Every structure is written in structure tokens, then in C-alpha cells.
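Presented below is the structure to which this report refers.
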Amino acid sequence: MQVLAPIRSPRWISTRRIFEQKISDLHKCTDPSQLKQVLAVIYKSNLHTDIFIATKLISAFSLCRQMRSAVTIHNQIRQPDAQAYNVLIRAHVRNSQPSQAFAAFSQMQSYGVRPNVFTYPFLLKAFSGLEIVAATHAHVEKFGFVEDILVLNSLIEAYSKCGLMGVCAAKKLFSLMVQRDHVSYNCMISGLAKAGQLTEARELFDEMPERDTVSWNAILDGYVKSGEVTVAFQLFQSMPLRDSVSWSTMVLGYRKAGNMEMARNLFDEMPVKNMVAWTIIISGYAEKGLLKEAMRLYNEMEEAGLKPDEGTIISILGACADSGMVGLGRRVHDSVKRNRFSFSIRVSNALVNMYVKCGCLDEALSIFHGMKERNSVSWSTMIHGLGLHGYGEKAVQLFSRMTREGFAPNKVTFLGILSACSHAGLVDEGIRYFYRMQRDYGVIPEIEHYGCMVDLLGRGGRLMEAFGLAHNMPFEPNDKICGALLAACRKHYAVTRAEDELKQLVQLDLKNTGNLSMLSDIYAATGDWTSVAGARLCMKNMSSEKPSGASSIELGDEYYEFTMMDRSHPKSDMIYQMIDQLGEHLRKIGYVHTASC
DNA sequence: CTAGGGTTAG
């Protein structure tokens with residue numbers, strides 16, 4: 001970094017003014033080791049207690065995820081003022097540490113430092129949840145900032161992120177505002193659009209005195225999020241000014257509608273392609289299983305001199321995980337290493353998840369164990385991953401290690417450990433976790449937890465308990481629950497015993513081909529071939545409405561996806577011949593195929 | 001202070 005070049009020895013620094021000049025550009029420094037050098041020089045000159053210099057340093061360290069240094073510097077300020085706290089709060093928010101942000105705010109109050117109007121916008125960014133936003137609102141009233149447009153805009157934004165109730169509160173606040181600027185309108189429009197209240201958002205948009213591009217983008221996003229690409233596109237075409245946000249929103253809209261051609265056309269036409277647009281288009285191809293295109297664009301992006309940012313990496317890795325594209329995943333992993341993009345927790349989590357989902361458990365484990373810092377997502381992902389690969393005992397061990405290291409398991413962690421127990425046949429262990437979850441950790445079971453439990457009991461052969469739980473749980477059974485019950489019946493040949501209950505449950509989701517396929521297996525096991533034919537016919541009729549599950553494999557540079565009875569491959573005749581030969585061979589060596597499973 | 005992509009759950 002050029003700014004730092006002149007600061008070579010303490011001799012250069014005679015006065016604080018020189019430092020001020022050098023330090024005003026400090027936030028441009030993205031290399032932690034360079035920052036540490038600067039810090040050393042500053043310590044020598046004993047200027048680290050200076051508020052101005054310290055706040056600059058906190059900002060700079062927080063931008064390259066060096067929060068420990070940022071906090072240390074803050075603690076050494078002699079008499080921190082509101083600005084010093086604001087910077088610290090923003091630093092925590094930037095690094096996804098909402099509870100630390102709140103802690104800083106509390107500390108500020110306990111030291112009697114009065115917040116200013118800039119405190120709340122930062123603070124509110126850290127919060128999610130109606131209660132905490134409402135509490136902050138009360139605080140704002142107590143300290144007499146209710147007239148400030150900056151604070152009110154932030155409150156509207158924060159409220160409208162809290163679901164329908166929050167949007168109501170935001171509307172109320174908005175209507176009571178004496179003065180509104182374009183930001184107030186934009187916050188409100190975006191909030192309404194995100195809550196799906198498009199008509200109201202549109203009305204507000206139409207009545208706005210002045211529209212800049214941000215308002216258009218907010219309403220555009222609303223239409224895209226609710227699946228109205230055509231309306232969005234009409235709006236897009238009538239916009240007076242389109243920026244990269246408008247373009248990328250439209251590209252996302254078409255990707256979501258499954259229209260990658262149109263998404264690609266728009267992407268190609270984009271005057272300035274930024275990281276977000278690249279991310280959307282590459283993840284789109286990856287999500288659809290179009291490995292070559294995804295790979296080609298990824299290379300093209302890097303050749304254009306663009307370095308993927310954290311969002312890009314996380315997004316593409318997520319798409320790789322969903323489609324099993326370990327090749328692209330490795331490619332992304334390589335560029336993370338090459339660009340010395342320090343492995344943030346979220347990037348590492350995304351990598352662990354990708355390797356787990358692509359079947360590379362060893363690589364997932366090695367990244368997980370190499371992480372300097374972990375959060376509950378890291379633990380949950382790894383626990384679930386171990387379970388997925390059949391290592392139930394290891395998952396249980398990791399769960400204990402997680403709690404020993406002071407991480408509170410959340411509802412997702414329990415889904416992971418419950419499914420791990422289920423896969424490994426650890427029935428009693430699983431039941432214990434289900435109770436501990438509620439008693440020791442106050443996690444209230446949701447329908448997914450009941451799904452895991454039904455699966456756990458069912459697989460373990462405790463069918464009646466499984467059915468009992470499905471009947472008595474405080475939720476209506478869904479297709480997942482039915483699926484778990486059907487799988488259990490199929491596995492344990494408990495056809496007649498469960499049939500009545502089953503029929504009742506199956507009514508719920510006849511559209512799920514996976515469940516129907518299991519049902520037909522069960523009929524086959526009892527020799528009820530008429531019902532088998534019925535179920536198969538039903539599936540065939542449905543196949544036009546809903547795609548059935550597909551499997552995929554990556555061989556060399558090619559990625560193949562295939563479904564049941566798939567004949568799309570040019571060599572499918574040969575493939576099926578090979579399958580027949582394999583079957584013949586298996587029969588010869590004594591394998592008996594059963595119609596059930 | 002306002003707009004776009006983004007890690008854990010069958």
C-alpha cells in the first residue's frame with residue numbers, strides 16, 4: 001500500500017499532524033501484516049490512545065477481519081467518545097458479530113457516554129427480531145432522537161426486516177414522520193416489497209415526489225422476489241437510468257424463473273459487469289448443473305482481472321454443494337488459496353459444506369480442523385456432514401466437543417445430530433438429544449425435528465412409536481413425515497400393521513413421486529400388483545407436472561445428470577445393455593433381487 | 001441511513 005510507504009522509521013514521525021495525513025487513508029490498506037507494522041510504529045510514538053488515530057485503526061483492522069486488534073485498540077483509548085463507540089459497533093456489525101455490537105452499545109451506556117444520531121444506524125444493522133428493534137426504538141425516544149430523519153430511516157429499515165408485524169410498525173412510523181426524504185421512501189418501498197406487499201409498495205413508489213434509481217431498484221427487486229419477472233422487465237425497460245444493480249436484479253429474476261438464456265442475454269448486454277452479476281450468472285449455471293458453462297465463466301471472470309469476493313465464493317460454493325459439482329468447487333477453493341483471500345469463517349463453512357455434499361468427507365474434515373475460529377454454523381455443518389456419511393458416533397463426539405468449547409447448539413445443530421443418530425441407528429441416543437434439546441437448551445422442536453424423530457424411530461424399527469409421534473406432535477404431518485413413515489414401513493415390511501394410518505397420511509402428499517415410489521414398493525412387497533400398477537401409473541401421469549429426483553456424476557470435465565428410465569444420453573442403449581449384463585452377472589453369483597428394496 | 005449475489009436443516 002502506497003500510503004504506508006513513507007512511514008519507515010519513527011524518525012519520520014515528529015508530529016501527530018503528519019500521522020493524521022497518513023492515517024486518513026488507512027482504511028484502504030487490506031493487508032493485516034502491513035497494518036500490524038503501522039500499529040507498531042504508532043505504539044512507539046504512544047499515539048494509540050488518541051481518539052482520532054485509534055478510530056481510524058479500528059476501522060482499518062475491522063475491514064480485514066482483525067477484530068481482536070480492533071477491540072484491543074478500542075480498549076486503550078483513554079476517554080472514548082460516542083464516535084469511538086460507533087466505530088467499534090460498526091466494526092462488529094461488519095464482521096457479523098451482532099452480540100458483540102450490542103455489548104459495545106451496553107458498555108457505552110454503562111460508562112455514561114451519550115449516543116449520537118450515528119449510533120443507531122450502525123446498531124440497528126446488527127439486529128434482527130421485532131423485540132430488539134422495538135427496544136431500540138424506545139431507547140431512541142428516551143434519548144430524544146425521534147425527530148432525526150437519519151435515525152427514523154434506520155428504524156424503518158430495521159422494522160421492515162422483521163416480518164409482517166415489523167412492516168406494520170414501519171408503516172406507522174413512516175406515516176407519523178413530519179419530514180420524509182427520498183431515503184425514507186426507499187426504505188419503506190423496499191420493506192413493503194420484501195414483505196410481498198407489492199401493491200402498497202407500488203402506490204408509494206408512484207406517489208414519490210422524486211425517484212432516483214434506488215427507488216426503481218427497490219421495486220424491481222420486489223417484483224423479482226415475488227416471481228413476477230415479466231412485470232419487472234417492463235419496469236426495467238421503462239427506467240430512465242439503469243445501473244449495475246438494476247441489471248443484476250433482472251439477471252437474478254430470469255435465473256430464478258429458470259430462464260438461463262434470457263439471464264445470459266441480459267448479462268452479456270450489461271455495460272459494466274460487476275462481481276454480483278458474475279456471481280448470479282455463475283451460480284445460476286452451477287445450480288442448473290451446467291458445469292462447463294459455469295467453469296468457463298468463472299475462468300473468464302478471473303481473466304478479466306476480477307477477484308471473487310466473499311459473497312461470490314459463498315454463493316458459488318453453495319450452488320456446487322447443491323448440484324454436487326466438486327470440480328468447480330475445487331476450482332473456487334484454489335482461487336481462495338491463490339488470492340490469499342484469508343479464509344473467513346463463512347468462506348470456510350461454505351467450503352466444508354461443499355465438500356460434505358460432494359462426498360469428500362476427508363477434505364471437509366481437514367478444512368474444519370484447520371479453522372482458527374469457528375461459529376455454530378461450522379459445528380452444525382460438520383456434525384451433519386459426519387452423520388450424512390454414516391459416522392454417527394463421530395458426530396456425537398463432535399457435538400460434545402462443541403458444547404465443551406462453549407458453543408450453544410441451536411435448532412439446526414439439533415437437526416444435524418438427530419439425523420446423524422438416525423442414520424447410525426443410535427435410537428436411544430437420539431431420543432435423549434430430543435429431550436436435552438428442550439430441557440437443557442430451550443430449543444423448541446419444529447416440524448423438522450419431529451421429522452428427524454419419526455425417521456429415527458421408524459428406521460430403528462419402532463414403528464408404533466413413530467406413528468404415535470406423527471399423530472401427537474403439535475403440527476400437521478407434511479410430506480417429509482409421510483416419507484419417513486413410508487420408508488420405515490418399507491424397511492420393516494410392516495405393511496398391514498400400518499396401512500390404515502398410512503392411507504390417512506398419504507392423502508396429504510400424493511404429488512411427491514418419491515413417496516409414491518415407496519408406496520409402490522410396499523405394495524410390491526405384499527404382492528399387491530394391482531396397487532403397484534396404480535401407483536406407477538399415478539407417478540407417470542405426474543412426471544409431466546413435477547420433475548422427479550435426479551442423480552448426477554462428474555467424470556473428468558463432464559457433468560452428467562440422470563433420472564429414472566432416462567434415455568437422453570446418446571449411448572443410452574449401450575448403457576442399459578451394460579446394466580442388464582451386470583444384473584445377469586449378479587444373479588449368477590447368487591444375488592436375489594427383491595421387489596421391495 | 002436507502003437498492004443487487006451469500007454458509008448450517010430431507
Side-chain angles (χ1 to χ4, degrees), chain A residues 96 117-118 120-122 124-125 148-158 160 181-191 193-194 212-222 224-225 243-253 255 274-284 308-319 321 344-354 356-357 375-385 387-388 409-419 422-423 446-449 451-452 454-455 478-481 483-484 487 512 514-515 549:
Chain A
S96 326
V117 290
F118 299 107
Y120 299 99
F122 294 153
L124 284 163
K125 281 225 174 291
D148 188 86
I149 201 157
L150 189 78
V151 174
L152 288 176
N153 289 347
S154 308
L155 272 170
I156 288 173
E157 195 214 345
S160 55
D181 63 4
H182 65 283
V183 179
S184 329
Y185 273 96
N186 291 342
C187 287
M188 200 61 240
I189 290 170
S190 155
K194 280 197 169 60
D212 58 13
T213 313
V214 178
S215 332
W216 287 85
N217 289 342
I219 197 104
L220 205 62
D221 180 52
V224 159
K225 291 267 152 69
D243 63 4
S244 55
V245 177
S246 334
W247 284 90
S248 47
T249 305
M250 279 321 300
V251 175
L252 181 70
R255 172 186 139 186
N274 61 354
M275 274 323 300
V276 176
W278 283 98
T279 306
I280 295 170
I281 199 83
I282 296 171
S283 308
D309 63 14
E310 194 185 33
T312 308
I313 286 163
I314 291 171
S315 172
I316 299 176
L317 286 176
S344 72
I345 294 191
R346 294 164 108 196
V347 165
S348 304
N349 290 349
L351 279 167
V352 170
N353 180 46
M354 185 274 294
V356 158
K357 297 287 162 61
N375 61 16
S376 30
V377 175
S378 330
W379 293 96
S380 304
T381 309
M382 203 60 249
I383 288 169
H384 177 249
L388 215 58
N410 61 22
K411 59 182 184 181
V412 184
T413 320
F414 280 105
L415 285 173
I417 193 72
L418 288 176
S419 81
S422 173
H423 286 300
E446 292 174 10
I447 189 156
E448 288 84 359
H449 296 101
C452 284
V454 168
D455 190 52
N478 62 12
D479 59 327
K480 300 274 165 54
I481 306 271
N512 187 320
N515 286 356

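Quick note on labels: first sequence line is chain A, next is B, and so on, each numbered from 1. Just so it is clear, the structure is predicted and the values come from calculations on it, not from any experiment.
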Original post:
Just checking A:Asp221: base, sugar-phosphate only, or nothing, at a heavy-atom cut-off of under 4.0 Å?
Top reply: sugar-phosphate
Original post:
From B:dG10, B:dG5, B:dT8, pick the nucleotide closest to the side chain of A:Ile280?
Top reply: B:dG5
Subject >> Below 4.0 Å: OP1/OP2 of B:dT2 and any side-chain N or O of A:Lys125 >> reply: yes
**OP:** Scan A:Ser248 against the nucleic acid and name what it touches under 4.0 Å (heavy atoms): base, sugar-phosphate only, or nothing.
**Re:** base
**OP:** Just compare B:dG10, B:dT8, B:dG6 and give me whichever is closest to any side-chain atom of A:Ile314.
**Re:** B:dG6
**OP:** Tell me which nucleotide among B:dT7, B:dG5, B:dT8 gets nearest to the side chain of A:Val276.
**Re:** B:dG5
Original post:
Of the candidate nucleotides B:dG5, B:dA3, B:dC1, which contains the atom at the shortest distance from the side chain of A:Val183?
Top reply: B:dC1
Subject >> Heavy-atom donor-acceptor pair, A:Asp455 side-chain to B:dG10 base, under 3.5 Å >> reply: no
Original post:
So, is A:Lys357 near the phosphate of B:dA9, with a side-chain N or O under 4.0 Å from OP1 or OP2?
Top reply: yes
Original post:
When all nucleic acid strands are considered with a 4.0 Å heavy-atom cut-off, which category describes A:Ser419: base, sugar-phosphate, or nothing?
Top reply: sugar-phosphate
Original post:
Are any of A:Asn353's side-chain N or O atoms less than 4.0 Å away from OP1 or OP2 of B:dT7?
Top reply: no
Subject >> No-H, no-angle donor-acceptor pair, A:Thr312 side chain to B:dG5 base, under 3.5 Å >> reply: yes
Original post:
Which is true for A:Thr381 with a 4.0 Å heavy-atom rule: it touches a base, it touches only sugar-phosphate, or it touches nothing?
Top reply: sugar-phosphate
Original post:
Base, sugar-phosphate, or nothing for A:Glu448, non-hydrogen atoms under 4.0 angstrom?
Top reply: nothing
Original post:
Looking at A:Lys225, does any N or O in its side chain come under 4.0 Å of the phosphate oxygens OP1/OP2 on B:dG5?
Top reply: yes
Original post:
Rounded to the Å, how far apart are A:Met250 CE and B:dG5 P?
Top reply: 13 Å
**OP:** Among B:dT2, B:dA9, B:dA3, find the nucleotide with the atom closest to the side chain of A:His182.
**Re:** B:dT2
**OP:** Give a yes/no on whether any side-chain N or O of A:His384 is located under 4.0 angstrom from OP1 or OP2 of B:dA9.
**Re:** yes
Original post:
A:Phe122 side chain: which of B:dT7, B:dT2, B:dC1 is closest?
Top reply: B:dC1
Original post:
When we call it a touch if two heavy atoms are under 4.0 Å apart, what does A:Leu150 touch: a base, just sugar-phosphate, or nothing?
Top reply: base
Original post:
Touch check for A:Asn410, heavy atoms < 4.0 angstrom, all strands: base, sugar-phosphate only, or nothing?
Top reply: nothing
**OP:** Answer with yes or no whether A:Ser315 presents, from its side chain, a donor or acceptor under 3.5 Å of a partner atom in the base of B:dG6.
**Re:** no
Original post:
What's the CG-P distance between A:Leu351 and B:dT8, to the nearest Å?
Top reply: 12 Å
Original post:
Between B:dT8 atom C1' and A:Ile345 atom CD1, what is the distance in whole Å?
Top reply: 13 Å
Original post:
Counting side-chain heavy atoms from C-beta on, which of B:dA3, B:dG10, B:dG6 comes nearest to A:Arg346?
Top reply: B:dG6
**OP:** Applying side chain to side chain contact (heavy atoms under 4.5 Å, CB included), run through A:Leu415 and A:His384 and close with a yes or a no.
**Re:** CA-CA 8 Å; A:Leu415 285 173; A:His384 177 249; over 6 Å; no
